[in-house]
Every structure is written in structure tokens, then in C-alpha cells.
Amino acid sequence: MEPGSIDNLSILYQSSNFIVVNKHWDIRIDSKMWYEKLTLQSQLKYRFPELADPDTYYGFRFCHQLDFSTSGALCVALNKAAAGSAYKCFKERMVTKAYLALVRGHVSESRATIRYAIGKNTTEGLTHMMCIEGTTGCENPKPCQSELVVLEHGMYSGDPVTKVLLQPLTGRTHQLRVHCSAIGHAVVGDFTYSFKKDGSPYRMMLHAYYLRIPTEQELVEVCAPDPFVTTMDSHWVPHRIVHQLDEVIQELKDKASQAGDEERSQEAVLRDGGEERLSPAQSPGTEEQQAKCEQWLAEWALE
């Protein structure tokens, strides 16, 4: 991806309710620092000045977040009704997100489920980081789950690297980065969770590739172009394919579609007088998720 600039915002999807952008890896969503003028917020205001809403904190209703150094699909709601509908999808865990990453070393398993609980690191000098349960200074760890699928084994600048697809099934801060580091395969270029060892690549190799939000207004479903291909980055040289990316994404689509059909079937039973149920999606979330939900509700509440 070319260097970020005010006028090179990449749009993946646009309707009257939503915009999905391909966020640049070197641009923050927003910044209050006077010297940091190039942000996703400023790009959106430059490209769509008529859509900026001065009544919102960011000027735009961002449906979710991506780390500063993570690229890829990011959804923006263009009105309160759309924002509220997207919020409901996130709250009820109807959203499907999958990330591409290059991680250090060759991951031996073709698929893995990572279940380390994650908490805030209270160790002096590391308070900007998250950590896994059982490590020194890890405060209030919460259950977390990530799914990992190996796509390719190869080399990056001569070092062994694995290309993987990661699916976060929970929503803790830095979850995928922490989980990859915890299994001994830190994301390439992740200076923070390699504990300041991995600073040579030009970026952190984590990319929000697939996003599916089945809102009441419409199905928002996009793939952000894969940046981890040799034609885009000659330092990455794949040697062996383990799983095909398209096939793995189709699995996710089929699973999400099936879950949606089951949800609609259960709703029909309830309308016909069936017993009320409590799904995992309705169970209490983490304190962090609850705080975000309260913030979203305050800003997005329908009039």
C-alpha cells in the first residue's frame, strides 16, 4: 500500500447507511495531538465533507476499532439508525471478523484454538500492554478465544514466517497480537509484543481482511485486498500452501449464514409462543465491552 495521504482513502463498500474503508497501516482513526493531522477522520472529512456529523465525538460513527498499526476493513455508519443496527450486531455477536497476519516461525498445527485469558499489564513500563493470565502483573484477566488457520509457510527477509488467518471470537484489546505472542509466534513487525525485539519491518503485519455485519438495513460484507503477497512485498516469499484463503473464508461465510438461519428460526419460534432462551450472545460481556456499549448507546441512541 502506498504511503498514506489525505486524498488516498480506499473505499471498499458504500451505501446510504455505511461506508467500509481499507484503513492504512500507518494512520490512526483519530488523534487529539496537534501535530498529528493525517488521520482516518481527516481523510473521511476531506473525501465526504457533507457526511461529517459535528454531534459525534469523531465526526463519524465508527462501528468498531482497529489498532493504529493494523490495516484493513473498518466500517463507518452514516446515520443513527444504521449505527444502532450495527451496534446491535456487535452486541449480539453476529459480526464475523477475520484477519490476515504474518507471524514469526513456522506454526506446526494447521489449525489451532487459542484460549489464554487476557488482562491489563500493571508492570512498571509495560502499562500500555495487555498480558495473559498467570504472567507477572496481569490484572483482571478475562476469558478470550481466537481461532488460527495456517495458510502458507515461507520466509520473510530470510527468516521463517507463517501466513495465518485469525478470527477473534471475543473482543479484548490487542487480543490477536497477545495470543500470537503467547504461543511463541508474534506478529511480524509487532514491536510491542515482541518486547521491542522486532523493529525491522516497515509495518506490523496484521490486516483486517474479512468483515461481515448483518444489519437490519443491509448485509455489509467485504474483503480488504490481501497485502501479504509477493507482488506487494518482495520480502515475503511463500514456500508451501497449507490452506487456500478463499476456501477458509467460504467456511466462515457458510458458518455465519447458518447461524443467521438458526437465529431467524428461533425468533420465529418465540413469535409463535415458544420458550424464551438466553443465547451466549446475550450473556454479560466483559467490563471493557460494557463500557464501550454504554459509550455507543449514549451517542447512537435512536431519537
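In this chain, residues are counted from 1 in sequence order.
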Report task. Quick one: list whatever passes salt bridge (Lys or Arg N to Asp or Glu O under 4.0 Å) with D26, sequence neighbours left out. Result -> none

**Report entry** Any side-chain heavy-atom pair of F18 and N79 under 4.5 Å
**Finding:** no

Query raised in the report: Can you find a pair of side-chain heavy atoms, one from R28 and one from L40, that are under 4.5 Å apart?
Result: no

Report task. Could you pull out all residues at least two apart from R212 that satisfy side-chain hydrogen bond (donor to acceptor under 3.5 Å, both in side chains)? Result -> none

Report summary line: Taking every heavy atom of V164 against every heavy atom of L151, the minimum-distance pair comes out as C-CD1, 4.0 Å

Query raised in the report: Where do Q145 and T113 land on the side chain to side chain contact (heavy atoms under 4.5 Å, CB included) test, with the steps shown first?
Result: CA-CA 7 Å; Q145 183 173 331; T113 299; 3.6 Å; yes

Query raised in the report: What residues, two or more places apart in sequence or in another chain, satisfy ring-ring contact (aromatic ring centres under 6.0 Å, His included) together with Y156?
Result: H235

Query - Which residues share a side chain to side chain contact (heavy atoms under 4.5 Å, CB included) with Q167, sequence neighbours left out - result: T96, E147, L169, L252

**Report entry** Side-chain heavy atoms of L166 within contact of C180, under 4.5 Å
**Finding:** yes

Requested in this report: Please tell me if the side chains of N22 and P225 come closer than 4.5 Å, counting only heavy atoms from C-beta onward.
Outcome: yes

Query raised in the report: Between S71 and R203, is a side chain to side chain donor-acceptor pair (under 3.5 Å) present by the stated rule, with each step listed?
Result: CA-CA 10 Å; S71 60; R203 63 161 291 181; 2.9 Å; yes

Query raised in the report: What are the two closest non-hydrogen atoms of P201 and V188, and how far apart are they?
Result: CG-CG1, 3.7 Å

**Report entry** Check: L9 and L44 side chains under 4.5 Å, non-hydrogen atoms
**Finding:** yes

Query raised in the report: Can you find a pair of side-chain heavy atoms, one from I29 and one from T39, that are under 4.5 Å apart?
Result: no

Query - Euclidean distance, F60 CZ relative to L78 CG, rounded to 0.5 Å - result: 8.0 Å

Query raised in the report: Do L165 and I241 sit in the same hydrophobic cluster, where Ile, Leu, Val, Met, Phe, Trp and Tyr count as joined when their side-chain heavy atoms come under 4.5 Å apart?
Result: no

Query raised in the report: Can you list every pair that meets ring pair (Phe, Tyr, Trp, His ring centres under 6.0 Å) and has a residue in residues 94-113, with sequence neighbours left out?
Result: H106-H153

Query raised in the report: Is a donor on one side and an acceptor on the other found under 3.5 Å between the side chain of N8 and the backbone of P3?
Result: yes

Query - Evaluation steps, side chain to side chain donor-acceptor pair (under 3.5 Å), between Q217 and S85 - result: CA-CA 8 Å; Q217 287 86 354; S85 182; 3.1 Å; yes

Query - Residue pair M94 / P214: nearest heavy atoms and the distance that separates them - result: O-CD, 3.4 Å

Report summary line: Sequence neighbours excluded, the answer for ring-ring contact (aromatic ring centres under 6.0 Å, His included) partners of H243 is none

Query raised in the report: Do W25 and F68 have ring centres separated by under 6.0 Å?
Result: no

Report task. State, to 0.1 Å, how close L206 and A101 come at their nearest heavy-atom pair, and which atoms those are. Result -> CD1-CB, 3.9 Å

Query raised in the report: Can you list the residues that meet the side-chain hydrogen bond (donor to acceptor under 3.5 Å, both in side chains) rule with S146, with sequence neighbours excluded?
Result: Q175, H179

**Report entry** All pairs passing salt bridge (Lys or Arg N to Asp or Glu O under 4.0 Å) where residues 175-200 contributes a residue, at least two apart
**Finding:** D67-R177, R104-D198, R177-D190

Requested in this report: Give the intermediate values and the outcome of side chain to side chain donor-acceptor pair (under 3.5 Å) for residues D254 and Q250.
Outcome: CA-CA 6 Å; D254 292 344; Q250 190 59 52; 2.9 Å; yes

Query raised in the report: Between the side chains of Y13 and E221, is a donor N or O closer than 3.5 angstrom to an acceptor N or O?
Result: no

Report task. Quick one: do I183 and L148 satisfy side chain to side chain contact (heavy atoms under 4.5 Å, CB included)? Show the steps, please. Result -> CA-CA 11 Å; I183 63 171; L148 179 152; 4.1 Å; yes

Query raised in the report: Does K23 use its side chain to pair, donor to acceptor, with the backbone of I27 at less than 3.5 Å?
Result: yes

Query - Same cluster (ILVMFWY, side-chain, under 4.5 Å), F195 and V178 - result: yes

Report task. With sequence neighbours left out, write down each residue that passes ring-ring contact (aromatic ring centres under 6.0 Å, His included) with Y193, or none if nothing qualifies. Result -> H174

Query - Pairwise ring pair (Phe, Tyr, Trp, His ring centres under 6.0 Å) hits with a residue in residues 212-232, at least two apart - result: none

**Report entry** Short side-chain to backbone donor-acceptor contact, S110 and V150, under 3.5 Å
**Finding:** no

Requested in this report: Would you kindly confirm whether L100 and M155 end up in one hydrophobic cluster when ILVMFWY residues are joined by side chain heavy atoms under 4.5 Å apart?
Outcome: no

Query - Non-hydrogen side-chain atoms of C75 and I19 separated by less than 4.5 Å - result: no

Requested in this report: Under the side chain to side chain contact (heavy atoms under 4.5 Å, CB included) rule, what do F90 and I213 come out as? Steps first, then yes or no, please.
Outcome: CA-CA 8 Å; F90 278 93; I213 311 177; 4.0 Å; yes

Query raised in the report: Distance-only, no hydrogens or angles: does the T123 side chain make a donor-acceptor pair with backbone N or O of L126 under 3.5 Å?
Result: no

Report task. Any chance you could lay out the side chain to side chain contact (heavy atoms under 4.5 Å, CB included) test for R172 and K142, step after step, and finish with the verdict? Result -> CA-CA 8 Å; R172 291 291 281 170; K142 300 290 185 180; 3.8 Å; yes

Requested in this report: May I have the step-by-step check of side chain to side chain donor-acceptor pair (under 3.5 Å) for D159 and S157, ending in yes or no?
Outcome: CA-CA 6 Å; D159 297 320; S157 296; over 6 Å; no

Query raised in the report: What residue pairs, at least two apart or across chains, pass salt bridge (Lys or Arg N to Asp or Glu O under 4.0 Å) with a residue in residues 223-242?
Result: K163-D226

Query raised in the report: Between R61 and D53, is there a side-chain N and carboxylate O pair less than 4.0 Å apart?
Result: yes

Please set out all donor-acceptor pairs under 3.5 angstrom arising from side-chain atoms of residues 127-135, sequence neighbours excluded.
residue	atom	partner	partner atom	Å
T135	OG1	I132	O	2.6

Report task. Indicate, with yes or no, if L219 and L74 share a hydrophobic cluster defined by side-chain heavy-atom contacts under 4.5 Å among Ile, Leu, Val, Met, Phe, Trp and Tyr. Result -> no

Query raised in the report: If you look at every heavy atom in L211 and A73, which pair is closest and at what distance?
Result: CB-CB, 4.1 Å

Query - Close side-chain approach of M204 and F191, heavy atoms under 4.5 Å - result: no

Requested in this report: State, to 0.1 Å, how close Q43 and S5 come at their nearest heavy-atom pair, and which atoms those are.
Outcome: NE2-O, 2.8 Å

Query raised in the report: Can you get from V237 to V229 by hopping between Ile, Leu, Val, Met, Phe, Trp and Tyr side chains that sit under 4.5 Å apart?
Result: no

